[in-house]
Amino acid sequence: MSQVRLRFAPSPTGYLHVGGARTALFNWLLARKQQGKFILRIEDTDVARSTQESVDAILEGMTWLGLDWDEGPFYQSDNFPLYKEHVEKLISAGKAYKCYCSAEELEAKREKALKEGGKPKYDGTCRNLPQGADDGRPYVVRFKAPQEGTTYWNDLIKGKISFENAELDDLIIQRTDGTPTYNFVVVIDDATMGVTTVIRGDDHVNNTPRQILLYEALEATVPQFAHVPMILGADKARLSKRHGATSVMAYRDMGFLPEAMVNYLVRLGWSYGDEEIFSLEDLIQKFSIENVGRSAGVFNPDKLLWLNAHYIKNGDPVRLAGLLVPFLKERGVTDTAGGPELPAVVKTLQERAKTMLELADGALFYYQQELSYDEKGVAKFFNPETPALLRGLFEKLGAVGELTTVAIEGAFKELCEEKGIKLGQVGPAVRLALSGSTASPGIYEMIEVLGLEETGKRLERAIAKLC
RNA sequence: GGUCCCAUCGUCUAGUGGUUAGGACACCGGCCUUUCACGUCGGUAACAGGGGUUCAAGUCCCCUUGGGAUCACCA
């Protein structure tokens, strides 16, 4: 059995969106699982709409997700001579012909046919014209498709799909300006690159029979096809900006982790029993194209958020700390050197943050000297007794030696016993003094991370400002 | 309109002729608790409709309905 070769072939007319990312992921997974090759090809035959920025954005997105490629990126714009050569070959074999109908004429015919309820397909005006030398008129080249019989394939996801050839018309494979069109170059490239399995979006199903016919005309091996269903928005319409972000990199900027994105994307349309959590490594083992569902799926931001929270909760604090730095910078914390160790800070926040944005927001107070205190909290938890309690606590803390969670808890207990109060009478005030907020990490954790000196400063600052 | 595809809780899905139709997100309760969370336990909630086939249908077939894709000198 020869090795499988898969490819992801985006057109560089925008960023990498979630639908494209999922398609890329499925291709990558199958290649990795079957120890084949994963090829990246940039479909830039539409020179006018293709941009280098888009290419860069797509590569950045794939890299962020962890999808590496074995070959490429190849650019179709580098292959124009090759395509031309194949066009000539088809013409001389009588499998393609020059068509002199103008775009305007065709458009008019199409509209007329549509208006009369007919099929808007090419009427074959030039199909049987003698193919002599050019007479100087502009022309396109059309593929001479068979007009009878059926074309079918066994789609790896959708099963057998068949079309009547009579429904297909003679598609244009070369434009007036001599450049080739998509349906043609895709076939040439997949054939010459030895692609064995084409996993692509659902919206290509209708192109597939034409492409199969082209493979046959070219006497090339037809690959296997797998058409993955589309991703929809909450209103079941095609996912678009209206539903929220569609760019993969926008999710990074919104504080999502790549492993959450990968996990979410793969589960949208694919499943493995009752399991929900999958790493890329798991997926290489467990993924199979046969278990991809046939129907379109709604993108559910809540579930993505849940997965993100899961990965933050279980992530390595050191790694998360590294990822957090840019988000802290955005919030004005450019240097954490003067404050507590970032990984220690992260540990106190991991269970409380669903995104890196929340993690950054939650970490802010550790690095701020001037806190703004929650007013309602102050009114509720600060009273004339508070300064004495806070100072009493600080004394106890100074006496415990090493500031561990257990020792800190002991200090609180002792204080409460001595003063005959409950934890609730001092805890909230401490929380407010240290974090400025009524919602924060555990008090003991904060003291441990802040250290004795900084804890003392914060208690005194709060007393000075609030009492 | 033609062609093609799709159809289990609100959402993602398991299910491959015999199940109390399972899990997850979300939602609602209980517990845990120094706040917020986490966690944990429990609950509400689905086979689009109609015909067949079969002893038996969410599972197979047909029709209806409803969604979607596509019909470019875009990809």
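Below, read A as the first sequence line, B as the second, and so on, with proteins coming before strands; counting in each chain starts at 1. Keep in mind that what you see is a predicted model, and the values were worked out from it rather than measured.
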**Request:** Cation-pi check, A:Arg142 to A:Tyr122: give yes when NZ or CZ is under 6.0 Å from the six-membered ring centre and within 45° of the ring axis, no otherwise.
**Result:** yes
**Item:** Spacing of A:Phe225 atom CZ relative to B:rC5 atom C1', expressed in whole Å
**Value:** 16 Å
**Request:** For A:Asn207, report the nucleic acid contact type (base, sugar-phosphate, nothing); a contact means any heavy atom under 4.0 Å.
**Result:** base
**Asked** Does NZ or CZ of A:Arg137 come closer than 6.0 Å to the centre of the six-membered ring of A:Tyr100, within 45° of the ring's axis?
**Response** yes
**Prompt:** With rounding to whole Å, what would you report as the distance between B:rA46 and B:rC62 at their P atoms?
**Reply:** 28 Å
**Request:** Please report, rounded to the nearest Å, how far the P atom of B:rU70 is from the CG atom of A:Asp202.
**Result:** 9 Å
**Prompt:** Which is true for A:Cys416 with a 4.0 Å heavy-atom rule: it touches a base, it touches only sugar-phosphate, or it touches nothing?
**Reply:** nothing
**Prompt:** Nearest to the side chain of A:Glu167, which nucleotide is it out of B:rA69, B:rA75, B:rU3?
**Reply:** B:rU3
**Request:** Of all the heavy-atom pairs spanning A:Asp44 and A:Tyr75, show the shortest one and how long it is.
**Result:** OD2-CD2, 3.7 Å
**Complete:** A:Asp302 atom CG is separated from B:rC25 atom C1', nearest whole Å, by 7 Å
**Request:** Please state the P separation for the pair B:rG17 and B:rG39 - nearest whole angstrom.
**Result:** 38 Å
**Item:** Donor + acceptor pair across side chains of A:Glu259, A:Asn263 (<3.5 Å)
**Value:** no
**Asked** Roughly how far apart, to the nearest Å, are B:rA21 and B:rU16 at atom P?
**Response** 14 Å
Identify each atom pair where a protein N or O and an N or O of nucleotides 8-16 of chain B are less than 3.5 Å apart, giving names and distance.
unit_1: B:rU11; atom_1: OP1; unit_2: A:Lys236; atom_2: NZ; d: 3.1
unit_1: B:rC12; atom_1: OP1; unit_2: A:Val298; atom_2: N; d: 3.0
unit_1: B:rC12; atom_1: O2'; unit_2: A:Arg267; atom_2: O; d: 2.9
unit_1: B:rC12; atom_1: O2; unit_2: A:Arg267; atom_2: NH2; d: 3.4
unit_1: B:rU13; atom_1: OP1; unit_2: A:Gly269; atom_2: N; d: 2.8
unit_1: B:rU13; atom_1: O3'; unit_2: A:Ser271; atom_2: OG; d: 3.1
unit_1: B:rA14; atom_1: OP1; unit_2: A:Ser271; atom_2: OG; d: 3.2

**Complete:** Which of A:Val266, A:Ile231, A:Val262 passes side-chain contact (heavy atoms from CB on, under 4.5 Å) with A:Arg22? It is A:Ile231
**Earlier contact from the 5' end, RNA chain B, for A:Thr45 and A:Glu164** = A:Glu164
**Between B:rG50 and B:rG43 - C1' atom distance, rounded Å** = 34 Å
**Asked** Quantified in whole Å, what is the C1' atom distance between nucleotide B:rC60 and nucleotide B:rC4?
**Response** 22 Å
**Request:** Report the C-alpha distance between A:Lys303 and A:Glu276 in whole Å, list the side-chain angles of each, state the deciding distance to 0.1 Å, and finish with yes or no for salt bridge (Lys or Arg N to Asp or Glu O under 4.0 Å).
**Result:** CA-CA 10 Å; A:Lys303 188 145 185 183; A:Glu276 294 288 348; 3.1 Å; yes
**Request:** Take atom OH of A:Tyr100 and atom P of B:rC73, then tell me their distance rounded to the nearest Å.
**Result:** 17 Å
**Message:** Stacking between A:His204 and B:rA69, defined as ring centres under 5.5 angstrom apart with planes under 30°, is that present or not?
**Reply:** no
**Prompt:** Just by modelled atom types, is the A:Ser440 backbone N or O under 3.5 Å from a matching donor or acceptor in the A:Ser437 side chain?
**Reply:** no
**Request:** Take atom CZ of A:Phe143 and atom C1' of B:rA72, then tell me their distance rounded to the nearest Å.
**Result:** 18 Å
**Prompt:** Heavy atoms under 4.0 Å, any strand shown: does A:Ser162 hit a base, just sugar-phosphate, or nothing?
**Reply:** sugar-phosphate
**Request:** Rounded off to whole Å, could you give me the NZ-to-C1' distance for the A:Lys98 and B:rC73 pair?
**Result:** 16 Å
**Footprint string (nucleotides 32-39 of chain B, 5' to 3'): B base within contact, S backbone only, - free, heavy atoms under 4.0 Å** = --BBBBSS
**Request:** For A:Leu415 and A:Gly392, work out which heavy atoms get closest and say how close.
**Result:** CD1-C, 3.8 Å
**Request:** Send over the distance from A:His227 NE2 to B:rU70 C1', rounded to a whole Å.
**Result:** 12 Å
**Request:** Quickly work out the A:Arg210 CZ to B:rA75 C1' distance and round it to whole Å.
**Result:** 14 Å
**Request:** With RNA chain B as reference, determine whether A:Lys158 or A:Glu275 sits nearer its 5' end, using the nearest nucleotide of each.
**Result:** A:Lys158
**Asked** Going by atom types alone, do A:Thr179 and A:Asp177 pair a side-chain donor with an acceptor below 3.5 Å?
**Response** yes
**Asked** Using a cut-off of 4.0 Å on non-hydrogen atoms, how would the nucleic acid contact of A:Val140 be classed: base, sugar-phosphate, or nothing?
**Response** base
**Within 45° cone and under 6.0 Å: A:Lys160 NZ/CZ vs A:Tyr152 ring** = yes
**Request:** To the nearest 0.5 angstrom, please state how far the CG atom of A:Leu349 sits from the CD1 atom of A:Ile312.
**Result:** 10.0 Å
**Distance, P atom - from B:rU54 to B:rU44, rounded to whole angstrom** = 38 Å
**Request:** Pull up the glycosidic torsion of B:rC38 and say syn or anti, syn being anything within 90° of 0.
**Result:** syn
**Request:** Could you measure between the two C1' atoms, the one in B:rC71 and the one in B:rG52, and give it in whole Å?
**Result:** 35 Å
**Message:** Please give the distance between the P atoms of B:rG49 and B:rU33 as a whole number of Å.
**Reply:** 47 Å
